[in-house]
Amino acid sequence: MSAVPESAGAEDRRRVPETAGRGSPEGPPPERDGRTGAEEEREVSARRIADRVLSCPDVADLSRGPFGVVATYLPGGLVPGVAVRDDVIEVDIVARYGRPLPEVADLVRDAIGDLAAGRRVDVTIADVVRDDGGRKE
């Protein structure tokens, strides 16, 4: 069964040649590396969130969590420590010793609040280190 109505003229029923490739005038439109707009937005958001979190003075680093699952996976790489989901943004950090940890989590939430787009922001503090990079016991 043809998608072209029977009443259509011969010029409307013409077929795309099998040899027409992507980007040719007769071929299908070119794709943007197979990603949707939502995936591209997620990539931009995850990278911007990671940059903002790392700019907080009480954050030493990002962490992928105990099982390495806190990350946004992208074509050709990932953003560790930031998981952008439909309803929540998960951020796992390594905090610097000194400031009370609930305050550190609040500062991270404030830093990325405008990027959350209405989603809940969960901040997990995976570890605490001294300013010299050593782990605080």
Side-chain angles (χ1 to χ4, degrees):
M1 177 173 196
S2 172
V4 178
E6 291 295 322
S7 63
E11 65 278 352
D12 292 332
R13 281 189 244 144
R14 102 179 157 205
R15 295 189 45 164
V16 175
E18 296 289 326
T19 59
R22 295 212 177 274
S24 71
E26 296 86 20
E31 290 182 9
R32 296 177 316 203
D33 68 11
R35 295 186 296 167
T36 66
E39 290 168 330
E40 288 178 355
E41 179 60 32
R42 183 168 286 168
E43 174 181 351
V44 170
S45 295
R47 291 190 193 285
R48 289 183 66 201
I49 289 168
D51 290 343
R52 291 247 188 114
V53 170
L54 290 171
S55 73
C56 295
D58 296 306
V59 175
D61 204 356
L62 290 164
S63 169
R64 290 186 58 195
F67 301 106
V69 297
V70 181
T72 298
Y73 294 90
L74 307 169
L78 59 87
V79 179
V82 177
V84 178
R85 309 206 192 290
D86 292 337
D87 59 341
V88 66
I89 296 174
E90 296 177 45
V91 180
D92 266 37
I93 65 168
V94 176
R96 287 193 171 88
Y97 179 75
R99 186 181 301 265
L101 298 180
E103 287 181 26
V104 174
D106 287 340
L107 289 171
V108 168
R109 282 188 199 92
D110 289 344
I112 64 172
D114 63 321
L115 300 175
R119 292 174 279 210
R120 186 180 79 237
V121 177
D122 291 342
V123 178
T124 300
I125 299 175
D127 203 356
V128 178
V129 295
R130 297 187 302 249
D131 281 333
D132 62 5
R135 197 173 153 168
K136 185 67 182 171
E137 299 291 331

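The structure presented is a predicted model; accordingly, all values stated were derived computationally and were not measured.
Both V82 and V121 belong to a common hydrophobic cluster when Ile, Leu, Val, Met, Phe, Trp and Tyr are linked at side-chain heavy-atom distances under 4.5 angstrom. Following chains of ILVMFWY side-chain contacts shorter than 4.5 Å, one can reach V123 starting from I89, so the two form part of one hydrophobic cluster. L54 and V128 fall within the same hydrophobic cluster, where Ile, Leu, Val, Met, Phe, Trp and Tyr residues are linked whenever their side-chain heavy atoms come under 4.5 Å apart, directly or through other members.
Of all the heavy atoms in V79 and A50, the pair that sits closest is CG1-CB, 3.7 Å. Nearest heavy atoms, L101 versus A95: CD2-CB, 4.0 Å. Shown here for V129 and A60, the closest heavy-atom pair between the two residues is CG2-CB, 3.6 Å.
Put simply, the side chain of E103 does not reach to within 4.5 Å of the side chain of D58, judged on heavy atoms. Proximity of L115 to S45: side-chain heavy atoms (C-beta onward) are nowhere separated by under 4.5 Å. At least one side-chain heavy atom of V104 sits under 4.5 Å from a side-chain heavy atom of I93.
Salt-bridge check for R48 with D51: failed, with every basic side-chain N at 4.0 Å or more from each acidic carboxylate O. Ion pair R85/D122 not flagged as a salt bridge, since none of the NZ, NE, NH1 or NH2 atoms sits closer than 4.0 Å to an Asp/Glu carboxylate oxygen.
Side-chain N or O atoms of R96 include one that pairs as donor or acceptor with a backbone N or O of P57 at under 3.5 Å. For T124 (side chain) and D92 (main-chain N/O), no donor-acceptor pair under 3.5 Å exists by modelled atom type. Here the side chain of R64 pairs no donor or acceptor atom with the backbone of A71 at under 3.5 angstrom.
Tested against V91 for a side chain to side chain contact (heavy atoms under 4.5 Å, CB included), the candidates I125, L62, V84 yield a single pass: L62.
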